[in-house]
Amino acid sequence: VIVPLEWRNGSLRFLDQTKLPFEELYIETDEAGVVAEAIKRLAIRGAPLIGIAAAYAVALAGCALQEDDLGIVRERLSRTVDLLASTRPTAVNLFWALKRQQRVCSEWQGNSIDDLRERLIGEARAIHREDAEMCEAISSFGVKLLPSPASLLTHCNTGSLATGGRGTAAGIITKAWELGRLTHVYIDETRPLLQGARLTAWEMKKRNIPATLIVDSTAAFLMQQRKIDAVIVGADRIAMNGDVANKIGTYALAVSAHYHGIPFYVAAPVSTIDARAESGRAIPIEERSRTEVTEVQDRKIAMPEIGVYSPAFDVTPNQLISAVITDRGVARSPFSESFQRLHIGVTRVDEN
Ligand code: MRU
C-alpha cells in the first residue's frame with residue numbers, strides 16, 4: 001500500500017512527491033510551517049490530500065501550544081490556519097478541512113489545552129478516515145457507470161498519492177481492474193509537473209494495472225482511433241452548476257471527448273464541491289512559476305527570457321461532463337438539481 005502521509009504520535013510523516021518515482025523520501029515534522037511549505041511546492045498534493053495534510057498541520061500547531069489562555073490559543077491557531085490557507089488557492093478541500101478545524105477551535109471552551117489538542121488530532125484523523133471511505137464509495141458508484149470491458153484515459157494523479165484512500169478516478173480504475181472490467185488505462189503525462197508520468201504511472205505499476213503513458217497531445221489522436229471508451233478525471237473544485245476545475249489540460253480532454261462522442265466522467269468527494277461557487281467563474285485559478293515551464297526537473301528547456309503563462313488548472317464547463325461521481329451518488333445535468341437530490345450544498349452550506 002502507498003501511504004503518502006501518516007500521523008505519528010505528535011508528528012506528521014509524509015512522502016515528498018517531488019522525488020517520485022525514483023526516490024521514496026519521507027519527511028517527518030512537528031511544524032505546521034513545514035507542512036505549508038510542502039503543500040506549496042507540491043511535495044504533498046492532490047485536492048483531498050491537501051485538505052487532510054492541512055488538518056494535521058493545525059493539529060501540529062495545537063500540539064505546540066502551552067498557553068491555557070483562550071485568547072492566545074485562538075490567535076495562534078488562526079495564524080496557522082491563515083498560513084495554510086495561503087498555500088494554494090484552487091482545491092476547495094483545503095478550505096473545507098481548515099473550516100472543520102476552526103469549528104473545533106471555536107467549540108472549545110478553554111477547559112484544558114490537552115483537551116483541545118486531542119480534539120484537533122481527532123478531527124484530522126476523522127477527515128483522513130472519511131476520505132478513505134469516500135474513495136471506496138466513489139469507486140463503487142463509478143465502476144457501474146463504465147462500459148465493460150473498458151479502455152480508459154486519465155489525467156494527472158488522483159490515486160493514493162492524492163487522497164486518504166485508493167483514490168477518486170484512480171480508485172474507480174483500480175476497482176474496474178479488480179472486477180475484470182478494465183482492459184487498459186492510458187495516462188496523460190500531465191505537463192508541466194508530470195503528475196501522470198511520475199505518479200500515476202508509478203501507482204498503476206505498483207497495482208499491476210496495464211497502463212500506457214502518452215504525452216498530453218496524444219489524447220485526441222487516441223480517441224480518433226476509437227481506443228478510448230471513457231475519460232475519467234478528478235477535480236479540485238466543483239461549482240454548483242457542475243463546472244469543474246481540475247489540472248490544466250482537463251478542458252482540452254473534455255472538448256476532444258465531446259467531439260468524439262466519448263463519455264467524460266469526473267470523480268470527487270463532496271468535500272470538493274463548493275456550495276458557494278455558483279459557476280466556474282467563481283473558482284480562483286492558481287498560476288505557477290515560469291520556471292516550471294522553462295525547466296524540466298532543473299534542466300533548462302527554453303530560452304529563459306521567453307514570456308510564460310502557466311495556470312495550474314482549467315475549468316471544464318458542465319455541458320461537457322457526462323456525470324460527476326461523488327461518494328453520495330452520481331450527479332448528471334442539470335447538476336444543481338442533481339446535487340440537491342444528493343443533499344450536496346443544501347444543508348451543508350457553512351461546511352463549504
Ligand atoms: O497540482 P496538483 O497535483 O495538486 O493537481 C491535482 C489535480 O488536479 C487532481 O486531479 C485533483 O486534485 C484531484 S485528486 C483526487
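Everything numeric here is computed off the predicted structure, so don't read it as measured data. In listed order, ligands and their atoms are each counted from 1.
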Visitor: Parallel under 30°, tilted from 30 to 60°, perpendicular over 60°: which one fits the rings of W7 and Y56?
Guide: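 Answer is parallel, since the angle falls under 30°.
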Visitor: With the criterion set at N/O pairs under 3.5 Å, what does the list of contacts between the protein and ligand 1 look like, atom names and distances included?
Guide:
residue	atom	partner	partner atom	Å
ligand 1	1 (O)	R88	NH1	3.3
ligand 1	1 (O)	R88	NH2	2.8
ligand 1	1 (O)	K247	NZ	2.7
ligand 1	3 (O)	R45	NE	2.5
ligand 1	3 (O)	R45	NH2	3.4
ligand 1	3 (O)	Q195	NE2	2.9
ligand 1	4 (O)	G46	N	3.0
ligand 1	4 (O)	R88	NH1	2.8
ligand 1	8 (O)	D236	OD1	2.8
ligand 1	8 (O)	N246	OD1	3.2
ligand 1	8 (O)	K247	N	3.3
ligand 1	10 (O)	N246	OD1	2.6
ligand 1	12 (O)	A47	N	2.8
ligand 1	12 (O)	D236	OD1	3.2
ligand 1	12 (O)	D236	OD2	3.0

Visitor: Around atom CD of Q297, are there more than 12 heavy atoms from other residues, nucleotides or ligands closer than 6.0 Å?
Guide: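 No - once you tally the heavy atoms of other residues, nucleotides and ligands closer than 6.0 Å, there are 12 at most.
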Visitor: For N9, does the CG atom have more than 12 heavy-atom neighbours from other residues, nucleotides or ligands under 6.0 Å away?
Guide: no
Visitor: Name all residues meeting the salt bridge (charged side-chain N to carboxylate O under 4.0 Å, His left out) criterion together with E75; count only those two or more places apart in sequence or in a different chain, and write none if there are none.
Guide: R79
Visitor: Taking salt bridge (charged side-chain N to carboxylate O under 4.0 Å, His left out) as the test, write out the residues that go with K206, two or more places apart.
Guide: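 Testing K206 for salt bridge (charged side-chain N to carboxylate O under 4.0 Å, His left out), a comparison that skips the adjacent residues, returns E24.
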Visitor: Listed by chain and number, what are the salt bridge (charged side-chain N to carboxylate O under 4.0 Å, His left out) partners of R119, not counting sequence neighbours?
Guide: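 R119: salt bridge (charged side-chain N to carboxylate O under 4.0 Å, His left out) contacts with D115.
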